[in-house]
Amino acid sequence: MSEIDIKEVVRERYAEIARSVRTPGSSCCYDGESGSEGISANLYADDETGSLPENAVLASLGCGNPTALAELRQGETVLDLGSGGGIDVLLSARRVGRSGKAYGLDMTDDMLALARENQRKAGAENVEFLKGEIEAIPLPDNSVDVIISNCVINLSADKDKVLREAFRVLKPGGRFAVSDVVTRGAIPEAVRRNMLLWAGCIAGALDENDYQIKLAVAGFEAIGIESTRVYDVEDAREFLTSQSVDVDAIAAEVGGRFMSAFVRAKKPEAASNTKAGDCCAPTCC
């Protein structure tokens, strides 16, 4: 599947979810087909979601709670890549306060409409939702203190471009703090494909070592990946069986190799966006 095909599949899937959430009496996003209910369940505490619009909570399809782990501070500017219905943007807006700003970036018109509706209901004035793709962030260089994301980067077919863009828009010293699905160790391709279909990760998740390498190549430092939930074959048994997969036969190749993780990294304090090969000596910079 090409990068364009993957993007369109992702766009239509999340547009359908947004339309479902906004339609009274619908079954919302958890129809049991994608298996994502198990991934996304119980990620937020009641005191976080209690005062949020119901549709922001219903449209949450993440695999973690990056706002709880990113250590956001008053006055910071936060960008959520693939903001969906806006739950993490609204939670971030609370944490950074009136002196801060929370941006949400999404490529799907239906999700943006839902997110802006949720923003209005929440009365969040320090929030702005932008239309765009995470491979081409519509913000200037060095403009964001923290980048968060919730199980979205794994959907991109060009993760290197996403990470370069994240590095570009972060201020020197800025923090990359995302939840994502990652894999660990060698996995047969057929097993990997079926498990990622279960998780809803259409473009495929990165191996944790590959993720760290890509972050380093993009320029990040202080890189770390912390497992927040490890999935086993029993989590996906119902879905895999419906796909005619012999679950018991692949059990040994699944255990401990698929996980939700919190991925941390930092843009160096003195970082610049100088391209490789450009002169940066005192006499020519």
Side-chain angles (χ1 to χ4, degrees), residues 39-40 43-45 48 60 62-84 87-89 91-96 100-105 134-135 137 139 141-156 158-185 199 201 204-231 256-271 273:
I39 293 281
S40 298
L43 298 178
Y44 301 92
E48 291 180 295
S60 172
C63 59
N65 185 349
T67 59
L69 298 170
E71 300 177 354
L72 302 179
R73 304 170 191 132
Q74 291 280 315
E76 289 189 317
T77 299
V78 183
L79 169 63
D80 181 14
L81 300 181
S83 48
I87 186 170
D88 291 314
V89 178
L91 290 173
S92 296
R94 284 184 192 169
R95 292 174 184 265
V96 300
K101 181 72 176 278
Y103 288 104
L105 175 64
I134 62 175
E135 297 87 359
I137 300 171
L139 287 173
D141 297 356
N142 307 314
S143 58
V144 174
D145 295 296
V146 186
I147 284 179
I148 64 171
S149 186
N150 201 343
C151 203
V152 171
I153 293 175
N154 62 66
L155 299 174
S156 174
D158 193 339
K159 298 172 181 65
D160 292 312
K161 189 180 292 185
V162 174
L163 298 180
R164 289 196 301 268
E165 277 290 276
F167 187 88
R168 177 185 67 79
V169 301
L170 278 171
K171 299 174 183 177
R175 309 188 304 283
F176 180 86
V178 311
S179 292
D180 221 345
V181 171
V182 300
T183 62
R184 174 179 288 164
C201 306
L206 287 172
D207 178 84
E208 60 180 334
N209 292 326
D210 291 338
Y211 214 137
Q212 293 183 78
I213 291 169
K214 288 180 182 295
L215 283 164
V217 169
F220 287 98
E221 62 181 19
I223 299 165
I225 296 181
E226 174 188 348
S227 173
T228 55
R229 180 183 173 187
V230 176
Y231 304 108
R257 299 187 189 184
F258 294 85
M259 61 185 181
S260 295
F262 185 55
V263 183
R264 290 183 176 91
K266 180 181 176 182
K267 183 172 180 175
E269 292 284 353
N273 290 304

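Note that this is a predicted model, so its numbers are computed, not measured.
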Q) Do you know the tightest heavy-atom contact between Val89 and Ala102? A) O-CB, 3.7 Å
Q: Evaluate the side-chain proximity of Phe176 to Leu163: yes if any heavy-atom separation is below 4.5 Å, no if none is.
A: yes
Q: Drop me the distance from Leu91's CG to Leu72's CG, to the nearest 0.5 angstrom.
A: 9.5 Å
Q | From CZ (Arg73) to CZ (Arg95), nearest 0.5 Å | A | 13.0 Å
Q | Pairwise distance NZ(Lys161) to NZ(Lys214) - rounded to 0.5 angstrom | A | 12.5 Å
Q) Has the side chain of Glu221 got a donor or acceptor atom that lies under 3.5 Å from a matching backbone atom of Lys267? A) no
Q: Any chance you could lay out the side chain to side chain contact (heavy atoms under 4.5 Å, CB included) test for Arg257 and Thr183, step after step, and finish with the verdict?
A: CA-CA 5 Å; Arg257 299 187 189 184; Thr183 62; 5.7 Å; no
Q) Nearest heavy-atom pair of Pro66 and Asn150: which atoms, and what distance? A) CD-ND2, 3.4 Å
(Q) Whether the side chain of Arg168 engages the backbone of Leu139 through a donor-acceptor N/O pair (distance < 3.5 Å, no angle test) should be reported. (A) yes
Q.
Show the nearest heavy-atom pair for residues Arg184 and Ser227, with the distance to one decimal.
A. NH2-CB, 4.4 Å
Q: Find the distance between CG (Asn209) and CD1 (Ile225) and round it off to the nearest 0.5 Å.
A: 7.5 Å
Q. Where is the tightest heavy-atom contact between Val144 and Val146, given as atom of each residue plus distance?
A. CG1-O, 3.0 Å
(Q) Quick check: closest heavy atoms across Phe262 and Ser179, and the distance to 0.1 Å? (A) CD1-OG, 4.2 Å
Q. Is Phe167 close to Pro268 at the side-chain level, that is, under 4.5 Å between some pair of heavy atoms?
A. yes
Q. Between Arg175 (side chain) and Glu71 (backbone), is there a donor-acceptor pair under 3.5 Å?
A. yes
Q: Test side chain to side chain contact (heavy atoms under 4.5 Å, CB included) on Ile137 and Leu81 and set out the steps.
A: CA-CA 9 Å; Ile137 300 171; Leu81 300 181; 3.8 Å; yes
Q: Return yes if some donor-acceptor pair links the side-chain N/O of Glu208 with the main-chain N/O of Val182 below 3.5 Å, else return no.
A: no
Q: Please assess Asp158 against Val162 for the test side chain to side chain contact (heavy atoms under 4.5 Å, CB included), listing each intermediate value before the final yes or no.
A: CA-CA 7 Å; Asp158 193 339; Val162 174; 5.8 Å; no
Q: Identify the residue among Asp88, Ile148, Asp145 that makes a side chain to side chain contact (heavy atoms under 4.5 Å, CB included) with Val78.
A: Ile148
(Q) Rounded at 0.5 Å granularity, tell me how far NZ in Lys159 sits from CD in Glu135. (A) 9.5 Å
Q) Under 3.5 Å, side chain of Ser260 to main-chain N/O of Thr228, donor-acceptor pair present? A) no
Q.
Contact between Ile134 and Leu105 at the side-chain level, heavy atoms closer than 4.5 Å - yes or no?
A. yes
Q. Looking only at heavy atoms, what is the nearest atom pair of Pro172 and Glu269, with distance?
A. CB-O, 2.8 Å
Q: Output the distance between atom CG (Asp207) and atom CD (Gln212), rounded to the nearest 0.5 Å.
A: 9.0 Å
